[in-house]
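Taking it in order: structure first as structure tokens, then the write-up.
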Amino acid sequence: MNLIFDILTTAAILYIVAAGLLLVYGVMKIINFAHGAFLTIGAYASLVASQVGLPPVAGFLVALIAGALFGLVIERFVLRPLYSRPLDAILATWGLAIVIGQVITLVFGREVQFVPSPIHGTIALLGTEYSAYRLVLILIALIVGGALAILLTRTRVGLVTRAVILNEQLAQGLGIHAQFVRFLTFALGAGIASLAGALITPLSAVDPNMGVPWLINAFMLVMVSGVSMTSLLIATLVFGSAQVIISSYFSPILGGMAIAVLAAITLRIWPKGFSRD
Amino acid sequence: MIKDPAIHRQLMWLILPALALVLLAPLVLDTYTINILIRALFFAMLALTVDVLWGYTGYLTFGQSAFFGAGAYAAGLVFTHLGFGPGYFLLAAVLAVVAALMIGSITGWLSFYHGSTPLYASVISLVLPIVLTQVLFSGGTFTGSSSGLTGYEAPDLDLETWFRIVGAALVVLTAFTCIFLRSDGGRILSAIRDNETRCSYLGIDISRYKIYLLVATGIVASLAGFGYASFSGVVAPELAGFVFGTEVIIWVALGGRGTIMGPVLGAVLIDWSSAYLSGNLPYVWKLFLGIAFVLVIVLLPKGLLPAILKWFNRGEGKSTQPNTLKLVQADTTSMTGDDKFVAIELRGVAKSFGSLNVLSDITFSARAGELVSLIGPNGAGKTTLMRCISDGAERGGGTIHIQGQDIKLAPPHQCVQLGLGRKFQTATVFDSLTVAECLRIARTRIETPSFTTRSNELRLPSYALEVLHATELDKKLNVVASTLSHGEKQALELAMVLALEPRVVLLDEPTAGLSQHERSLIGRILVDLTSRFGLCLLLVEHDLDFVREISSRIVVLHQGRLVMEGTVREVVDSDLVKTIYSGSLGHA
């Protein structure tokens with residue numbers, strides 16, 4: 001039973017972390033290599049919030065807003081000139097990640113720091129005691145996924161965004177301000193990434209380089225999912241369970257690279273991954 | 001080996017001073033600097049391989065560090081566990097090469113295949129070093145795990161000798177690379193970077209080229225790592241990691257991708273400065289590099305070296321063709337005397353996207369010497385049909401025979417080998433190459449170009465020469481393709497396709513965007529191709545007057561079905577065609 005909870009919570013965490021990246025990739029067709037840096041920004045934002053004395057939920061909000069603001073600035077000045085050069089956009093965002101990482105190191109120092117968990121202790125569920133916070137994350141993942149789904153499918157803004165995802169030139173021809181859509185989407189994606197960073201800090205620790213391993217995994221999951229939130233859900237479950245099972249029964253090191261390797265092989269055999277178009 | 005005296009001279013001007021510098025520098029530099037520089041020289045070799053892959057071939061790779069690390073660990077492992085001596089040194093070198101061969105082949109197979117995207121290839125190149133570092137971490141005491149291996153016995157040379165050997169090796173490597181890249185064969189890399197599709201449709205097996213290239217550069221990188229490990233006496237998993245891999249990308253981007261000299265100098269200078277500056281201002285230096293990197297990518301994508309050269313007004317320094325380039329008529333295979341030979345045959349070809357049937361049950365054939373025009377309103381499926389004929393994987397059903405051979409699921413470059421040529425609607429040439437270089441790439445299937453020299457003869461079949469002559473492109477052989485006019489680009493592409501000596505040519509709207517004069521020129525050329533040279537031409541066209549003038553037969557497509565086939569008069573005057581095009585019979 002513990003194993004099942006491990007799988008579900010791992011999938012939930014991966015989902016929250018990857019959701020922002022998927023949104024950005026879907027709308028802008030570029031992989032934001034600064035995603036890990038946004039995770040880190042969110043983590044440090046919640047660290048600052050907790051040090052100032054704000055309650056944890058406020059810390060999450062602070063992280064969301066901080067990420068969105070950074071996203072707005074970065075989209076305007078770094079990404080906009082690179083629309084026609086997607087591979088260069090990967091490089092520029094990676095450069096940004098380095099810059100952000102170094103600035104954080106200069107401001108906060110290299111040491112590992114800790115943020116207290118908003119929910120302590122365990123819950124007795126279905127026969128075992130399991131970390132309450134991790135279980136809550138499953139709920140949060142469902143809320144985030146659900147909110148994004150509703151936003152995309154049931155609102156006018158979402159409809160416009162989906163139009164841009166499917167055929168940007170056509171959308172522009174119909175009078176949709178695609179640039180503004182990209183602008184907002186990147187900010188939203190960055191905000192969600194920062195929120196994810198804040199959410200995962202109670203589980204591990206905060207240090208300037210914490211975002212990098214998450215970036216790789218999120219990146220591979222997005223590649224395998226195509227442009228669909230549902231595919232992402234399936235992908236996180238499938239690959240998340242692979243990671244957990246391999247880590248538990250074979251070796252944690254193999255488990256650590258399970259997602260990346262399995263996703264790469266999956267894409268080689270089925271280039272469309274899990275998406276169904 | 002180098003026939004061209006101009007290149008000979010250029011290289012001598014670069015190589016000899018560089019070698020002199022390498023020989024004399026240790027006399028004036030202090031030990032610390034020499035130490036740093038030797039490491040930087042090894043890294044520069046790695047940067048060179050990344051530039052060949054990324055700057056010249058367009059393959060963004062984060063994974064060259066994996067090869068470097070593999071070579072380094074080959075040395076480290078052999079020297080630590082087996083011992084040191086001339087035999088072991090050789091063994092380690094061989095292991096480094098073999099490891100690179102295996103890693104390169106597997107990575108190449110994963111990354112380069114028909115239908116792979118550049119993004120996917122970069123993804124794989126990212127996963128590779130991650131996997132390798134994890135493997136090294138899990139190696140326990142055998143690989144030294146996260147601490148790596150140190151203290152093994154290594155070649156006992158003094159610092160100055162190391163510097164001279166490594167420096168000379170770098171100079172020689174750079175020289176050979178430049179020779180290769182300027183050769184006729186080396187231009188294929190730029191062609192691949194500019195336009196992969198066009199390369200496929202010229203019969204070049206891109207995947208195979210890229211895999212060979214990856215293995216070759218991987219071996220070079222691995223040997224550089226081997227040298228590094230032999231010199232420094234330390235190997236750590238970070239050498240194979242992706243953070244290091246991205247650092248190399250940064251050096252290449254800052255130095256100037258696609259210039260070879262830029263990345264080499266960039267790697268040396270940045271690594272040298274890092275050694276001094278990161279000691280004094282640890283995080284600020286890295287921050288500065290990161291900012292510089294982002295600025296260069298956004299504002300100066302070509303890198304710093306080209307910008308500096310431009311500032312000194314030296315231009316690109318791009319090599320031009322030897323001025324003595326001659327056009328020579330090639331002896332083409334004699335045209336088949338059998339007029340009844342079926343050049344292209346389609347049976348029941350179908351294609352659908354989901355529930356939308358784009359093509360249903362297309363059956364027709366065309367013979368040598370025929371000029372068949374494919375007409376129909378927009379959306380009738382004409383371009384889709386062209387795609388299905390030229391790419392075996394496209395169609396959903398039916399069979400296609402080219403020159404009597406079933407194309408089955410063959411990718412474009414194999415269809416081209418069956419005697420097919422395809423001219424695209426938008427002029428698809430190699431923008432950064434000259435007219436002559438484009439044509440030479442087009443000849444690759446028939447005459448494999450040299451990988452060390454540039455020939456001063458360009459052999460083309462007579463009909464290709466006629467196209468060049470009629471459009472006066474034969475006077476513009478040294479002009480870069482991106483500067484040609486639209487009509488000239490179309491003519492160049494046609495000449496390139498004809499240079500393949502195809503028996504069947506597919507042309508997608510050859511008159512699109514041409515002036516009246518150019519249109520009649522093209523029309524004459526196309527008729528000539530069929531009547532004098534016995535080619536079979538299949539045209540997709542909207543200009544019905546053009547079609548009426550030149551076609552021997554017309555095929556009409558409507559909503560994915562073949563609705564009519566016949567001579568020009570039968571089709572053009574038919575009620576059916578009038579209805580299809582104008583919606584009703586009432587119009588004049």
Side-chain angles (χ1 to χ4, degrees), chain A residues 25 29-31 33-34 74 77-82 85-107 109-110 208-209 212-213 215-217 219-220 222-224 251-265 267-268 271 273 277, chain B residues 54 58-60 62 107 109-111 113-139 145 241-243 246-247 249-250 252-254 257 281-299 301 353-354:
Chain A
Y25 181 56
K29 311 287 182 289
I30 49 180
I31 290 283
F33 258 42
I74 290 174
F77 292 108
V78 176
L79 284 179
R80 207 168 282 192
L82 296 177
R85 305 187 263 145
L87 286 184
D88 281 2
I90 292 183
L91 291 180
T93 47
W94 176 250
L96 274 177
I98 295 180
V99 169
I100 293 175
Q102 292 307 307
V103 169
I104 288 181
T105 312
L106 283 169
V107 172
R110 289 186 90 168
N209 283 322
V212 177
L215 169 68
I216 308 292
N217 283 335
F219 174 47
M220 296 308 291
V222 166
M223 293 258 78
V224 148
S251 98
I253 292 181
L254 283 180
M257 52 185 200
I259 296 183
V261 172
L262 288 175
I265 297 180
L267 279 175
R268 178 63 169 88
D277 40 47
Chain B
W54 178 38
Y59 164 50
L60 177 60
F62 299 101
T107 312
W109 173 77
L110 266 180
S111 318
Y113 55 93
H114 178 49
S116 80
T117 60
L119 182 58
Y120 178 71
S122 296
V123 167
I124 298 295
S125 79
L126 191 60
V127 172
L128 173 65
I130 293 175
V131 169
L132 195 58
T133 31
Q134 296 294 63
V135 168
L136 290 172
F137 278 144
S138 60
S145 198
F242 100 100
V243 173
T246 53
E247 268 178 38
I249 295 275
I250 294 180
V252 174
L254 286 175
R257 64 182 110 152
L281 333 145
Y283 308 120
V284 178
W285 171 243
K286 215 167 165 214
L287 177 65
F288 171 69
L289 263 188
I291 296 179
F293 180 52
V294 177
L295 286 175
V296 162
I297 294 281
V298 176
L299 300 171
F353 288 110

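None of these values were measured; they are calculated from a predicted model. Order of the sequence lines sets the chain letters (A, B, ...), proteins ahead of strands, with each chain counted from 1.
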Identify, with sequence neighbours excluded, every residue that meets side-chain hydrogen bond (donor to acceptor under 3.5 Å, both in side chains) alongside Trp94(A). Thr246(B)
Examine whether an atom of Leu110(B) lies under 4.5 Å from a heavy atom of chain A, and if so say whether it belongs to the side chain, the backbone or both; otherwise answer neither. both
Report the option among Thr117(B), Leu119(B), Ile249(B) that has the most heavy-atom pairs separated by less than 4.5 Å from atoms of chain A. Leu119(B)
Against chain B, label Ile216(A) side chain, backbone, both or neither, depending on which of its atoms sit under 4.5 Å from a heavy atom there. side chain
Just wondering, more than 12 heavy atoms not from Arg110(A) lying within 6.0 Å of its CZ? no
Check Trp109(B) against Arg268(A) and note the closest heavy-atom contact, atom names and distance. O-NH2, 2.9 Å
Tightest non-hydrogen contact, residues Leu96(A) and Val294(B), listed as N-CG2, 3.5 Å
Tell me if the CZ atom of Phe288(B) is crowded by more than 12 foreign heavy atoms within 6.0 Å. no
Per-residue tally against chain A (heavy atom, under 4.5 Å) across Phe137(B), Tyr113(B), Phe62(B) peaks at Tyr113(B)
Of all residues at least two apart in sequence or in a different chain, which pass the side-chain contact (heavy atoms from CB on, under 4.5 Å) check with Leu82(A)? Arg85(A), Asp88(A), Ala89(A), Ala92(A), Ile297(B), Val298(B)
With a 4.5 angstrom heavy-atom cut-off, is it the side chain or the backbone of Trp285(B) that approaches chain A, or both, or neither? neither
Measure across Val99(A) and Gly290(B) and return the closest heavy-atom pair with its distance rounded to 0.1 Å. CG2-C, 3.5 Å
Residues Ile31(A), Val123(B); criterion side-chain contact (heavy atoms from CB on, under 4.5 Å); working and verdict: CA-CA 10 Å; Ile31(A) 290 283; Val123(B) 167; over 6 Å; no
Between Val131(B), Ile124(B), Ile291(B), Ile130(B), which has the largest tally of heavy atom pairs under 4.5 Å with chain A? Val131(B)
Passing option when Ile98(A) is tested against Leu289(B), Leu287(B), Ile250(B) for side-chain contact (heavy atoms from CB on, under 4.5 Å): Ile250(B)
Ile90(A) versus chain B, heavy atoms under 4.5 Å apart: side chain, backbone, both or neither? side chain
Could you tell me whether the side chain of Val212(A) reaches within less than 4.5 Å of the side chain of Val243(B), counting heavy atoms only? no
Of all of Pro301(B), Ser138(B), Pro118(B), which one pairs up most often with chain A through heavy atoms under 4.5 Å apart? Pro301(B)
Non-hydrogen atoms of Leu87(A) and Gly58(B) that approach each other most closely: CD1-O, 4.4 Å
